[in-house]
Amino acid sequence: MIDVIESLAEILNSKNVEWEIYWESGRSGSFRIEREALERSQRKFYSGISLRVGLNGKLGFSYITGIHHSLSELEKFVERTMKLAKVSEVPFRGFPVPSKVPGVKGIYDRRIEEIPFEDAHALALQYAEKMRELKGKETLSGSISLAFERYGVVNSNGVELEASSTYMGVSTYAVREDRPGNGSFYQSYRSLQGVEALEEAILKAKEDAELSARARKVEPYDGELVLEPEAVMSVVEVLLENFYGDEVYYGRSRFFTLGEPVASDAFTLVDDSTLEGLPGSYPFDGEGTPGQRSYLIENGILKGFLLDHTYAALLGLKSTGNAVRSFRTTPSIGASNLVVEPGEESLEDFEGVIIKSVFGEHTANPVSGDFSLPVGLGYVVKNGEVIPFKDNMLVGNVFDLLKTAEPGRVVKRISSFMAPRVKVHAKIV
Amino acid sequence: MEVERLMRSAEELARKHGVDYYEIRISRVVMTEVSMSNGQLRGLSSNSETGIGARAFNGAWGFSSANDFGRFERAIETAMKIAKLSQGDSKIYTGDPVVDDAEMPVKKPFSEINIEDKVALVKEADSMLTGEKIVNRNVSYRDTIVETFYFNSLGSEIRTVVPRIRFGFSVTAKESGEMQQYWKSFGGTLGWEMVEGIDFSYWTSTVVEKAKELLKASSPPSGEFPVIADPELTGLFIHEALGHAVEADLVKNGDSILAGKLGQRIAVDELTVVDDPTLPGKFGSYIYDDEGIRAKRVEIIRDGVLVNYLNDRETAQYFDLEPNGHGRAQSYAHQPLVRMGNTYVEAGDWSFEEMLEEVKYGLYMIGDKGGQVDTANGTFTFGAKEGYIIENGELREMVRDVALSGKILDVLRGIRAIGRDVRIEYPGYCGKGQTVPVDDGGPHILTKALVGGLR
């Protein structure tokens, strides 16, 4: 345990309260390339400690920035948080007790922690150079970001956990100069990537920009169509908050009875924070609950919710280890890695209407399930020929759509989301 | 004084690393939040923090931030070192230094209101949101005071104090498996007087009734229709359909359909659009932007002609435009980007009734449910909280979950009527990699758009 946390824990132990300390300390470097030139480079440092105190069944919360504090500053911090607990009417449901934390592989890469800024900068320059080399009729922009973080949770029940993690994000954005059309690509990793990943990002964005520039609006269509993983991710996003334990508890979710059929037999959706090397993976969550694999929908049946300690207690369930937070916030519920499991059918050679991407998910209504989202890029495949389209809207109801879902075999990863293509019934207007 | 030491240090470090220009922001943020769900307090916090954001320019930008006081000087040096390493060939607007000390005036500082009164306010709203079929109610209150000291290598020294308050509530109604939500938010660069001015009884009953009415509403038809937008939706529409596309950083990067169109007629003659961060008390208002440039009223479209882009130090220089103070950062830990403030459509001369009479079959759409734009492709979408079918100039059945989409240039040229009734009172947050508070509005307008309904 780092010294400051040890001192803070000692102060807290002398008080008659239950307590939890969450701390983090990290740095990040990011590089923004505009019009194939490196324009903005940055290196940020941050750290902070948050404290939750349970007193007479009520919860107090406060934070301080930095991890270098004198004993008197720490004492004031404790006093302030206890004072808030005294006036607070936020119910306190206890903190987690220690339990075995899984070993999650591949979430830390020493090369990212130790990379000198100059080397990261040189990689960004290489990325810009690659863009100039591959530039066709597009303007290319993009970014690289690298981050390292140490974080920990300690509480009065004996939880004492600490972990390190690293992150790398790569994005490219391609805009056609000759006619309206654009494409983008984004991927994130836990380990340092070389120039191959950068080249892949550029080529994928260029490919979509080329299709987008040729795309036109198509006639309205109602029936069977295929969503590519990017579009599946948007549909799952519309659905997702229905699984949040707090939304369930407060009656803002469409889901409340486990065991009910909510999707086609072929559809399985899992939240899994233990997957090796994935951006959403962690050994324990923001309250020290072990990461785990949780079925949300299994073969069409509603199997579980996403829970933190508080809402699990309120619902009479067990935490799924989905408390996400920063030192500035109390835990809130969020997904780790979301996986739509593959199905039997191959949809790779599907002929018909295919939707690659849509946007504006936040305009949809998660409780009624109705959505109408503009198509960023779609295409119709007819006799092997690809006819791109855009500017139509994909329209449907997410709860009805799930009942028609038939996932394909080949899974693709987009950052912390994994899905195959999924065949559904929907409408484009 | 600590700040004076940092100023001296910055000057020395700039000399050492051969940096042409630098700017430093040191902010102290004090924030209180109270939230409640179904009568149960969910969150209560009162915190403060201080941080630094340092930026140095050497043909490209180097930036560093820190929130641990012991690292402040190191953040300045890191920004300088990065700039030295960067050596790009961009240029920025410099210009005369500014020395100022400016606070946004409020009648009743919320810092003088104790936390129990803030909790009482939340409880009062919560108690008024109950009713048959209402299965969920949420109330949230948040206030922040950001005190920033900005200085740069030109000799600018600016201290600003910006208070911001936001209060809102929502309900979910449920009946026979159907669920619908409705909400209302208030916000401004104001003090506690803002919440005292709210007609609680009117707004809580409106929110409850609307959620219940939406349970019976049907899905809208789909296809292209004439659409009347209410002032709130006009604000969202103009923010998405025009505002983002005139952010000069996007224009510069080839990411806007409005690139190369300055001086051209891009909309109907009657349309004038303004972004004005100097409007008193609005949620998107500020005194200086995060590059130390004084905020100013900017006409974006005047009588249908695109007359300006929103810009920052870099894009003002790039496009040879007068700097107009739209470089905004989410916090001290973020670099400024070109952003909107308070964006609105100026008044026309139509009444709402005259507009209605123009529509044989179309939709009247009300309220902001968020939007998004693809500026390169020129397509945008936005959602409305509620809608009504218009038939032969009369309002008919209510419709729910309405999202619209359109092509920027088609829709701006397709505006058929602009109302007289301007309102700018719709606080929100705008995301562009970073989140900043904005406001928008306008009068009722009649245009056409693609409606994505299930019918």
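Convention: sequence-line order gives letters A, B, ...; per-chain numbering from 1.
A donor-acceptor contact shorter than 3.5 Å links the side chain of A/His362 to the backbone of B/Gly371. Listed for the B/Gln372 side chain is no donor-acceptor partner under 3.5 Å among the backbone atoms of A/Thr363. A distance-only check finds no donor-acceptor pair linking the side chain of B/Asp401 to the backbone of A/Asp370 [under 3.5 Å]. Panel note: side chain B/Ser64, backbone A/Arg43; a donor-acceptor pair is recorded below 3.5 Å.
Between A/Arg40 and B/Glu314, at least one side-chain N (NZ, or NE/NH1/NH2) sits under 4.0 Å from a carboxylate O, which counts as a salt bridge. A salt bridge is defined here as a Lys NZ or Arg NE, NH1 or NH2 lying under 4.0 Å from an Asp or Glu carboxylate O, and A/Asp246 with B/Arg42 meets this definition.
Residues B/Lys369 and A/Asn365 have side chains in contact (heavy-atom distance under 4.5 Å, counting atoms from C-beta outward). For the pair A/Arg252/B/Asn138, a side-chain contact is recorded, criterion being any heavy-atom separation below 4.5 Å from C-beta on.
Between chain A and the residues B/Arg400, B/Glu224, B/Glu33, B/Glu116, the most heavy-atom pairs under 4.5 angstrom are made by B/Arg400. Looking only at heavy-atom pairs under 4.5 Å with chain B, the residue among A/Leu125, A/Val429, A/Thr139 that has the most is A/Val429. Ranked by heavy-atom pairs under 4.5 Å with chain B, the first of A/Ala215, A/Gly181, A/Gly396, A/Gly29 is A/Gly396. Top candidate by heavy-atom pairs under 4.5 Å with chain A, chosen from B/Gly383, B/Ala66, B/Gly452, is B/Gly452. Here A/Pro91 is the residue among A/Ser212, A/Pro91, A/Ala37, A/Ser141 with the most heavy-atom pairs under 4.5 Å with chain B. Among A/Phe117, A/Tyr249, A/Phe371, A/Tyr63, the residue making the largest number of heavy-atom pairs under 4.5 Å with chain B is A/Tyr63. Here A/Val90 is the residue among A/Asn397, A/Val90, A/Val175 with the most heavy-atom pairs under 4.5 Å with chain B. Contacts with chain A were tallied for B/Lys123, B/Lys81, B/Arg55; B/Lys123 has the most, counting heavy-atom pairs under 4.5 Å. If you tally non-hydrogen atom pairs under 4.5 Å between each of B/Leu44, B/Val135, B/Ile82 and chain A, the highest count goes to B/Ile82.
The contact between A/Ser253 and chain B is made entirely by backbone atoms, counting heavy-atom distances below 4.5 Å. The contact between B/Ile257 and chain A is made entirely by side chain atoms (from C-beta outward), counting heavy-atom distances below 4.5 Å. When heavy atoms are compared at a cutoff of 4.5 Å, A/Lys217 approaches chain B solely by way of its side chain, counted from C-beta outward. For chain A, the nearby parts of B/Ser86 are the backbone and the side chain; heavy atoms of each come within less than 4.5 Å. Using a 4.5 Å cut-off between heavy atoms, A/Arg176 does not touch chain B at all. Using a 4.5 Å cut-off between heavy atoms, A/Lys58 makes no contact with chain B at all. Contacts between B/Lys174 and chain A at a heavy-atom distance below 4.5 Å involve the side chain alone, from C-beta outward. With a threshold of 4.5 angstrom between heavy atoms, B/Lys385 does not approach chain A through any atom at all. Only the side chain of A/Phe256 comes within less than 4.5 Å of a heavy atom in chain B; its backbone stays farther off. Neither the backbone nor the side chain of B/Ala75 comes within contact range of chain A; no heavy atom of the residue lies under 4.5 Å from a heavy atom of that chain. Contacts of B/Leu404 with chain A are made by backbone atoms alone, with heavy-atom separations under 4.5 Å and no side-chain atom involved. Proximity to chain A is absent for every atom of B/Val171, based on heavy atoms less than 4.5 angstrom apart. Both the backbone and the side chain of A/Ser41 come within contact range of chain B, judged by heavy atoms closer than 4.5 Å. Within the 4.5 angstrom heavy-atom criterion, no atom of B/Asp249 approaches chain A. Only the side chain of B/Thr172 comes within less than 4.5 Å of a heavy atom of chain A; its backbone N, CA, C and O stay farther away. For A/Val395, the parts sitting under 4.5 Å from any heavy atom of chain B are the backbone and the side chain alike. With a 4.5 Å cut-off on non-hydrogen atoms, A/Glu89 touches chain B through its backbone and its side chain both.
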### Query
Could you walk me through whether A/Ser62 and B/Asn47 pass the side-chain contact (heavy atoms from CB on, under 4.5 Å) check?
CA-CA 6 Å; A/Ser62 185; B/Asn47 283 292; 3.1 Å; yes

Begin with the C-alpha distance, continue with both residues' side-chain angles, and end with the deciding distance and a verdict on side-chain contact (heavy atoms from CB on, under 4.5 Å) for B/Trp61 and A/Gln42. CA-CA 8 Å; B/Trp61 290 105; A/Gln42 66 180 22; over 6 Å; no

*Can you check side-chain contact (heavy atoms from CB on, under 4.5 Å) on B/Asn67 and A/Phe327, steps first, answer last?*
CA-CA 12 Å; B/Asn67 63 9; A/Phe327 72 86; 3.6 Å; yes

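The distance from the CZ atom of B/Arg71 to the CZ atom of A/Arg27 is 8.0 Å, given to the nearest 0.5 Å. Note that the CZ atom of A/Arg35 and the CG atom of B/Asn253 stand 6.5 Å from one another [nearest 0.5 Å]. The distance from atom CD of B/Gln87 to atom CG of A/Leu38, rounded to the nearest 0.5 Å, is 11.5 Å. From A/Lys83, atom NZ reaches atom OG of B/Ser46 across 9.5 Å, with rounding to the nearest 0.5 Å. For the atom pair NZ (A/Lys44) and CZ (B/Phe63), the distance works out to 6.0 Å, reported to the nearest 0.5 Å.
By the 6.0 Å and 45° rule, B/Arg74 stacks over the aromatic ring of A/Phe45.
Between the side chains of A/Asn182 and B/Asp255, not a single donor N or O lies within less than 3.5 Å of an accepting N or O. Between the side chains of A/Glu39 and B/Ser90, at least one donor N or O sits under 3.5 Å from an acceptor N or O.
The heavy-atom pair separating A/His121 from B/Leu85 by the smallest distance is CG-CD2, 3.5 Å.
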